[in-house]
Amino acid sequence: MNLEWIKVFFAAFFEVFWVIGLKHADSFWTWTGTVIAIYISFHALIAAGKKLPVGTAYAVFVGLGTAGTVISEILFFNEPVKLAKLLLIGVLLVGVIGLKLVTKEKDTEGAEG
């Protein structure tokens, strides 16, 4: 795995925080944390998109963020666990891994970044 994919995973990690924040933030500090998570998440995604195909990077970002958000809701917010939901998250993650495996970085040697 290279640095650009790590940026996508980092962006997806923070996506989980801001999506949960949009639902659960109820004070100045929780909203501040949500806004910071949005900034970090999109900054990392935009940086990765400079060398990865944007569509694939975004699909991986959203897929991982979705899976992380659903799992976090189950673990931390008492969302009901349903086998169908877990199986569909598994299918989603297989698709995300497949996209990552078949996607190559853009050759940006000599380009200004």
Side-chain angles (χ1 to χ4, degrees):
M1 182 175 332
N2 62 39
L3 180 60
E4 303 314 312
W5 283 112
I6 291 171
K7 290 176 187 176
V8 174
F9 289 114
F10 186 74
F13 177 77
F14 277 91
E15 181 189 14
V16 173
F17 288 106
W18 68 257
V19 169
I20 290 172
L22 291 176
K23 180 177 181 181
H24 297 285
D26 59 0
S27 70
F28 173 79
W29 292 112
T30 55
W31 277 110
T32 300
T34 300
V35 170
I36 291 169
I38 290 170
Y39 176 80
I40 292 170
S41 179
F42 281 100
H43 181 74
L45 180 62
I46 290 166
K50 291 180 181 180
K51 292 192 178 178
L52 296 173
V54 175
T56 304
Y58 183 70
V60 171
F61 165 77
V62 171
L64 292 174
T66 301
T69 301
V70 171
I71 292 167
S72 295
E73 287 282 321
I74 290 169
L75 294 175
F76 303 115
F77 298 102
N78 299 319
E79 181 74 21
V81 178
K82 296 181 182 175
L83 180 60
K85 187 184 291 190
L86 296 177
L87 290 173
L88 290 169
I89 290 172
V91 170
L92 178 67
L93 291 176
V94 167
V96 165
I97 291 167
L99 279 172
K100 190 237 176 269
L101 291 174
V102 301
T103 302
K104 297 190 186 322
E105 282 187 66
K106 294 178 187 174
D107 185 12
T108 58
E109 188 174 321
E112 293 181 15

Residues forming a side-chain hydrogen bond (donor to acceptor under 3.5 Å, both in side chains) with [X], sequence neighbours excluded:
{"X": "H43", "result": "none"}
{"X": "S41", "result": "W18"}
{"X": "T30", "result": "S27"}

Hydrophobic cluster membership, with links at side-chain heavy-atom distances under 4.5 Å among I/L/V/M/F/W/Y: are [X] and [Y] in one?
{"X": "F61", "Y": "I36", "value": "no"}
{"X": "V60", "Y": "F10", "value": "no"}
{"X": "L75", "Y": "F77", "value": "yes"}
{"X": "F76", "Y": "F17", "value": "no"}
{"X": "F13", "Y": "I38", "value": "no"}

Between [X] and [Y], which heavy-atom pair has the shortest distance, and what is it?
{"X": "V96", "Y": "A59", "value": "CG2-O, 4.3 Å"}
{"X": "S72", "Y": "V16", "value": "OG-CG1, 3.5 Å"}
{"X": "K85", "Y": "P80", "value": "NZ-O, 3.9 Å"}
{"X": "V54", "Y": "G49", "value": "CG2-O, 3.8 Å"}

Just verifying a value: how many Å separate [X] [atom1] and [Y] [atom2], rounded to the nearest 0.5 Å?
{"X": "N2", "Y": "K7", "atom1": "CG", "atom2": "NZ", "answer": "9.5 Å"}
{"X": "K82", "Y": "I74", "atom1": "NZ", "atom2": "CD1", "answer": "10.0 Å"}
{"X": "L45", "Y": "E15", "atom1": "CG", "atom2": "CD", "answer": "8.5 Å"}

Task: Pairwise side-chain contact, W5 with L52, heavy-atom cut-off 4.5 Å (strictly under) - done: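 Yes, their side chains come closer than 4.5 Å.
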- [ ] Please say whether more than 12 non-hydrogen atoms of neighbouring residues, nucleotides or ligands are located less than 6.0 Å from CZ in F14.
- [x] yes
TODO: Identify, with sequence neighbours excluded, every residue that meets side chain to side chain contact (heavy atoms under 4.5 Å, CB included) alongside A67.
DONE: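 With neighbours one apart ignored, the set is I89, L93.
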Task: Results of side chain to side chain contact (heavy atoms under 4.5 Å, CB included) for V62 - residues two or more places apart only - done: Y58, T66
Quick one: side chains of residues 19-26, donor-acceptor pairs under 3.5 Å with protein atoms, not counting sequence neighbours, listed by atom name and distance.
| unit_1 | atom_1 | unit_2 | atom_2 | d |
| --- | --- | --- | --- | --- |
| H24 | NE2 | E73 | OE2 | 3.3 |

TODO: Carefully, step by step, assess L92 and L88 under the rule side chain to side chain contact (heavy atoms under 4.5 Å, CB included).
DONE: CA-CA 6 Å; L92 178 67; L88 290 169; over 6 Å; no
